[in-house]
Structures are given as structure tokens and as C-alpha cells.
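Worksheet for the structure shown next.
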Amino acid sequence: MRFASRRERRDLRRPRWGRGGLASRGHTDMSDVQAAPQVVEPYPLSNLRHSVAHLMASAVGKLFPGAKFGFGPDIEHGFYYDFDLSEPLTDKDLRRIEKEMRKIAKRSPEIVREEVTREEARKRLTEWGQDYKLEALELIPEGEAISFYGHGSGAEAWADLCEGPHVAGFQSLDFHFKLLSIAGAYWRGSEENPMMQRIYGTAFWSKEQLDEHLEWLEEVKLRDHRRLGAELDLFSTHADAGAGFVFWHPNLGVVRREIEAMWWDEHTRGGYKPVYTPHVSRESLFAVSGHLENYGEMMYAPMDLDEHPYRVKPMNCPGHVLIYKDRGRSYRELPLRWAELGTVYRNERSGVVHGMLRVRGFTQDDAHIFCTIDQLADEIAGVCRMVDKFLTTFGFEYTAYLATRPADKTIGEDEVWERATEALRQAAESIDLPLVLDEGGGAFYGPKIDYKIKDALGREWQNSTVQCDFNLPERFDLHYTDTDGMQKRPIMVHRAILGSLERFVGGLIEHFGGKFPFWCAPTQVALIPIREEHADYCRTLEEKLAGELFRVDAMLEPGHMNKKIKHAQKEQVPFMLIAGERERDEGTVAVRRRGTREQEVVKFDDFLARIRELRATKAIGLDG
RNA sequence: GCUGCUGUAGCUCAGUGGUAGAGCACUUCCUUGGUAAGGAAGAGGUCGCGGGUUCAAGUCCCGCCAGCAGCUCCA
């Protein structure tokens, strides 16, 4: 599971140059160029943002003479612009630039478009010393219009090689913007290229919308799993252990165990059998599988055992294949469904590790299905049903994508590709799962269905995947004896529902904001006596709860009730049971539900029945 | 890996060359309190690690480690 990367969210793969504006600083007076084409109000938000990106670039150009400009498009939540500057920008510069933007906006009644010839464009950009722009100019296909968009006059005049469209001008428009952050970004997105400085910002038509967006960003920060991980004592990472290695604390260990228990239950129900495979194998295994060749950069360096190189596994599939190959297989055995919570290690580049979401050692909820092509549709349908079960249990909305054969560098017969892709389609249809087509998005070894989920904050993640594989069976020469006695090649299906426990649970922390559903909450019930003399009653309640394997924190130590309430609240404990004389005498408890301040006095047995229900149904909320 | 920034008590942070600070959390004592901070006292820091400059380094310089915002890449 993963966040759809910022890159995806910003949709940069879309050809961008024209829309995104290749900007450049101009010193010509724009007053004599032709007026912009009529843009009818209201402008799309993307136009505004793109125009504000221009505004920002012009301010940067004014404040930092000699600035060179890269790309500056609008993106999902705002815009950015890349600059090549002689000195690094700081947050203080952002405020300065904002101020300058407001000034320029006031003096810029209109944004004007000017169409020029390629020669003229080249001449201008050369004159302005805009190297990146010149390169960008060459990206514009022959025959397409080449235009500049400019605003400001006199010393402030500024123009941008850009296709548009833009708003007509800044002066008379009511809009609101904020510059948010500075980061490095490679020119044209390639690490071969020089790094530029990128400024991110956002803009809206109303102050309210801007504020709302800024609040959303705050909420994202508050729910950050790294922050909650420390606050709720969930996990840690350590310089002493190295970057990208997660230590699960007891609180999160509980969450994981609950999820794993559900996972094994569902897999048992789905006809999967557990397998366990070693973390280390001889290097030659990964040579056969092809991982060494295609994935070698991600693998840890070999270690020497008895003068043979060994490797830590980056994937579980070769191990499962060895089990398959251990003896001959008959069609009668298929499909074989083998599941493993397999821990793998991958050498992620140092700059990418991120809390629990991007780590160097993680546990995949892996399984492989060995089946015939005729069984494929049913098998896929089974996986999709299981995906639905998990995603809805955690309250995620999702979209499934059918990724078909890539244009080149694939392996496998045309016919097999077609039949497998058709099987994926049929499977989805049989369970009424709509598929969005991702043409050519498959792996080189087979078509697949990928899932994207939406979390409570509306962010998209990718986690579940079902992939057909024609490659590994080939490489390992897998076969089974068919009804006619002939040796046939099975298809292998790789699938992960959660992706990795680390990424999934890290995502869950943010999705729930630390308020885990009752069934997997680290502590489910806190017992708080009003006075010390009520501790005995609490103790009897504790025994009953613990006897039914509920996770109870009996806060019986001396101290103030209010302090304990505050503590339990901070720990996001679903239920606090507060008990004094009245409760003890009546066999009741005062129940305080997470997130509320009201209490409800109920018979303890009624409470017990309620939480049994919550646990059994894996309800997300605490009602009912 | 790359660009920029950061690293001081468990947490949030102050401390710009001259003997380490605050709030919260923690411990102890007092407080017996009916639903989110009662009072007092106390403990807690190799200032990320290693070098260098200096009479003197948390503070300046270099290297490493880790983290943060991104880029690139990914479960």
C-alpha cells in the first residue's frame, strides 16, 4: 500500500509543457502586444493557479535578477514553479516573494498573449539567457503555435513561453494564494539533469476555500503516522539500527496481530495454505528467478557461506516456486494457493525512506496461486472478493484498474496474454467489480488488476494487486501433468491484499487518526475507579473482561480520576469505564466513549454484550 | 542517490564563542477527587557522532549518522 505519489497526484505524466508554461523573464513593455483571447468567467481553478504560478515567477525574477526559469504548471492542489537561482531559497524568501506578488498583481490589469515564430521565440529566450526555456522550445512540435504570456509593464514586464490559457489579468480579480514550501526538483524530472529549486503554492477563488485547504494540510500533519507513532507509542526507528527499519512497539504489535489473525482466517476460508520460506538463499536462486538481473540494485550485498554467495530475499516468489517444484504436480492438485506473511528486504535509496510507509525491511501479505488458464478467472474472482472484504472492513473506498499488455518487452504468447486478460475481465464481471482500463500498464510478465484506495482524508493510495505471471513458471520450468498425461505449464498468480504490513498499518494510523476500530485497538477498555476504595469493583470487572480476552487497562494506582481520564483520552482508548459507589452497588458502569464527553450508565453485562458485538463485527465506529 | 533545511531533557522548543534553560510528561509527598491539567518538592541532558579552529565550542569549520520538504524510485 502506498500513497499515490505526489507526482501522480499532480498528474505530471500528462504532457505538460504547453499547459505548464515555460516561463521566462521578459524586459519588453507588454503594452503594445495583442490582448489575450477572451476567457469567459468563471475561470477554471487550474487557470487561476497557472496564472498565479506566472505571477510568482515574475516576482522571483524581479527579486532574484539572473533567475532562470523551468516549468511552472498548476497541479492538483495548487501549483509550482522551478527556478535555477544562484543561492538557495529560504522560508523567509517565500514571504518576500508573496509580498512582491501582491504588489505586481495590483499593477497588472491584464495578462496578454502574443504568438510568435519559432525564430522570434528563440531570439528572445537567447537574449534573456533562458537556457531551460530554449530547451523547452525545442520540445514544442513543429507546426504548433508558439506563444508568450506576459504581464506587468516597464521594469516589471515579464513574459512566459506558454500555451495558456490564463485568466485575463490580476488586478480586478478576487483571488487568494499562499506559497507553501521549497524543494529541489530535477530539470525535466531526470536525475541526470541539474537540480532546480521548486516553490510550491496554492491558490483559490475565496479566502474560505484557501483556509479550508490550509486546515486540511494541518489535519494531514496532525494525522501523520510518524507523529501519532510517537504520541501513541506505536513504533520507532533508530539511527543505531539504520534508516528504514521499523520497530513495532507493543501497542502496534497488538494491531498487527489482530490484522494478521483476520488475514489468516480469511485465507483459511479462501482455501489458502500457509507456507514459510527462509529469509536467506543462495544467490543462484535469484539468478534463475531473474531478480538478480532485473532487481539487483534493490538487493542487499551477497554474504559468503561456505564460499558460496547468499542473498537476503527481496521477494517471496522464488521460495514458493521451490516448494511447487519439490515434486511432480498433477492437474488434480490445482489450483494451489499458498500464503505467507513474508518479510523481505530491499535496499531503498537513503533519501526515500519514510516512517512506516517506505522502509527497507517489510512484511508482505503475499500469496501465490498456481493454476491452469481455465481456472484463472475463478481464482482472480476469489482474490478480488477478498480484497473487497479487507478494504471495506477498514472503511476504504476503492477503484480497480485493469492493466493490460505493455507495448514492448513482454514475454509470453499472444494467446496466453489474451486469455489471461479476458480472465481478469470475466472475474471482475462475475463479482460486479467495475474496472478502469489502464492500457499497457501491465508488467512485462503478465496483465494485472491494481487497486487504488481513498482514505479518510481523500488521499489516494495503492496497495492491493493481483498479477498474472507467465515468466517465473517459464524460468523455473514449472509444469503439471494434465488429464491427457501431457506436461503443461501452470500460470502463477501473485497477489497482495494489504501490500505490506508496514505500509498498510502506517496508512491505517493516518486513516483512523490513531482512533483504531474497537476490534484492533491496542487498549480497548480503560477502567477508572472514582476513589481508591472502588478499585476492588474495578478489579472484578477487569477479570471478566480479560477473561474474554478483551484488552483492558485497569488504572487502579492511586491518583486523580481526572488525570486518568485525560491519559486514557490521549491514548485514544475506545471505552472508559468509570466506577464509583453507585456503579458498584448497582452492577453498572459509567461508559465514556472515545471522542465524547458524555457518559452513559449501563449494566456491566449490557456493556459486555455490546463490545462482544463490536469485536465480532469488526465495526469501525463505536456505536451500535 | 540528488537539492535545501534540521538534530539541545521522554515531548514541544528557547539558548549566535565564556559554568546548560522553560512548559508538558515523569518520580515522591500532600490532596479522596463524579468525568481533560489540585499543590509542593525532586529527578532527568556524552547539546546526534567524530575530527578541526580557538585561551575557551551547544554556538564557527569539515566528515559521518539520523530526520524533515521534495525530486528520482517504490510494497
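Throughout, protein chains are lettered first and strands after them, A, B, ... in sequence-line order, and every chain is numbered starting at 1.
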Determine the Euclidean distance between corresponding C1' atoms of B:U27 and B:C68; express it in Å to zero decimal places.
34 Å
How close or far is atom P of B:G34 from atom CD of A:E533, stated in whole angstroms?
12 Å
Any idea which of B:A66, B:G34, B:G1 is nearest the A:A239 side chain?
B:A66
Which base, if any, makes a Watson-Crick or G-U wobble pair with B:G18, both distances under 3.5 Å?
B:C55
With respect to the side chain of A:Y186, which nucleotide from B:C2, B:A36, B:G33 is positioned closest?
B:C2
Over 60° means perpendicular and under 30° means parallel, so tell me whether A:H225 and A:H354 are parallel, tilted or perpendicular.
tilted
Among the nucleotides B:U35, B:A69, B:U32, which one has an atom lying closest to any side-chain atom of A:A590?
B:U35
Is a donor-acceptor contact shorter than 3.5 angstrom present between the side chain of A:E348 and the base of B:A75?
yes
Please measure how far the P atom in B:U54 lies from the corresponding atom in B:U72, and state the result in whole Å.
45 Å
Per the atom types in the model, does the base of B:A69 pair as donor or acceptor with the side chain of A:S181 at under 3.5 Å?
no
By nearest nucleotide on RNA chain B, pick out whichever of A:H567 and A:G559 is the more 5' one.
A:H567
Quick check: do A:V573 and A:V525 have side-chain heavy atoms less than 4.5 Å from each other?
no
For A:T277 and A:K313, which I'm curious about, is there any donor-acceptor pair between the side chains at under 3.5 Å?
yes
What is the distance, rounded to the nearest whole Å, between atom NZ of A:K566 and atom P of B:C26?
8 Å
Which protein N or O atoms sit under 3.5 Å from an N or O of nucleotides 3-14 of chain B?
residue : atom : partner : partner atom : Å
B:U3    : O2   : A:G184  : N            : 3.3

Just say parallel, tilted or perpendicular for the rings of A:F607 and A:F575, cut-offs at 30° and 60°.
perpendicular
Toward the 5' end of RNA chain B, which comes first, A:R226 or A:M561, by nearest nucleotide?
A:M561
For B:G1 and A:S350 - does any side-chain N or O of the residue sit under 4.0 Å from the phosphate oxygens OP1/OP2?
yes
Kindly point out which of B:A36, B:G67, B:G34 is positioned nearest to the side chain of A:E581?
B:G34
Just the rounded figure in Å: distance from C1' of B:C2 to CG of A:D82.
14 Å
Short N-O contact, A:E231 and A:R223, less than 4.0 angstrom:
no
For atom P, what is the distance between B:C29 and B:G15, given to the nearest Å?
38 Å
Once you apply a heavy-atom cut-off of 4.0 Å, does A:A243 come out as touching a base, just sugar-phosphate, or nothing?
sugar-phosphate
C1' gap between B:C5 and B:A43, integer Å
35 Å
Under 3.5 Å on both distances, the Watson-Crick or G-U partner of B:C2
B:G70
So if I take every side-chain heavy atom of A:R358 and compare against B:C73, B:A69, B:U72, which nucleotide ends up nearest?
B:C73
Within the 4.0 Å heavy-atom criterion, would you say A:V344 contacts the bases, only the backbone, or no part of the nucleic acid?
nothing
Whom does B:U28 pair with, Watson-Crick or G-U wobble, provided both distances fall under 3.5 Å?
B:A40
Given the structure, check if the side chain of A:K563 and the base of B:A37 hold any donor-acceptor pair shorter than 3.5 Å.
no
Less than 4.0 angstrom from a charged side-chain N to a carboxylate O is my criterion; do A:D450 and A:K448 meet it?
yes
Check whether any side-chain nitrogen or oxygen of A:K564 sits under 4.0 Å from OP1 or OP2 of B:G33, and answer yes or no.
no
For a quick check, tell me whether the side chain of A:H560 and the base of B:U31 share a donor-acceptor pair closer than 3.5 Å.
yes
Measure from CZ on A:R597 to P on B:U35 and round the result to the nearest Å.
10 Å
Say you pick atom C1' in B:G45 and the same atom in B:U8; how far apart are they, in whole Å?
8 Å
Below 4.0 Å: OP1/OP2 of B:C2 and any side-chain N or O of A:R349:
no
Candidates B:A36, B:U72, B:C74 - which lies nearest the side chain of A:R346:
B:C74
Write down the distance between CE (A:M356) and P (B:G67), rounded to a whole number of angstrom.
14 Å
Among B:U35, B:A75, B:A25, which nucleotide has an atom closest to any side-chain atom of A:F362?
B:A75
B:C68 P sits how many Å from A:R198 CZ, rounded?
20 Å
Taking atom C1' in both B:G52 and B:G17, compute the distance separating them and give it to the nearest angstrom.
16 Å
Both distances below 3.5 Å, Watson-Crick or wobble geometry, any strand: find the nucleotide opposite B:G7.
B:C65
Both distances under 3.5 Å, Watson-Crick or G-U wobble: report the partner of B:G45, or none.
none
Using the P atom on both, measure B:A75 against B:C61 and round to a whole Å.
41 Å
Is there a Watson-Crick or G-U wobble partner for B:U35 with both distances under 3.5 Å, and which nucleotide is it?
none
Ring pair (Phe, Tyr, Trp, His ring centres under 6.0 Å) filter on A:Y186, not counting sequence neighbours, yields none
Which is true for A:E583 with a 4.0 Å heavy-atom rule: it touches a base, it touches only sugar-phosphate, or it touches nothing?
base
Using 30° and 60° as the class limits, which term best fits the ring planes of A:Y295 and A:H291: parallel, tilted or perpendicular?
perpendicular
In whole Å, what separates the C1' atom of B:G50 from that of B:U12?
29 Å
Crowding at CD, A:E192 (>12 non-hydrogen neighbours, <6.0 Å):
no
Parallel, tilted or perpendicular: rings of A:H279 and A:Y345 (30°, 60°):
tilted
Could you state the atom-to-atom distance from CZ of A:F504 to P of B:A75 in whole Å?
17 Å
Length of the line joining A:F247:CZ and B:A66:C1', which is rounded to integer Å:
14 Å
Does a side-chain N or O from A:R582 land closer than 4.0 Å to OP1 or OP2 of B:G34, or not?
no
Can A:Y200 be said to stack with the base of B:G70, given centres closer than 5.5 angstrom and planes under 30 degrees apart?
no
Would you say the ring centroid of A:H238 lies under 6.0 angstrom from that of A:F247?
yes
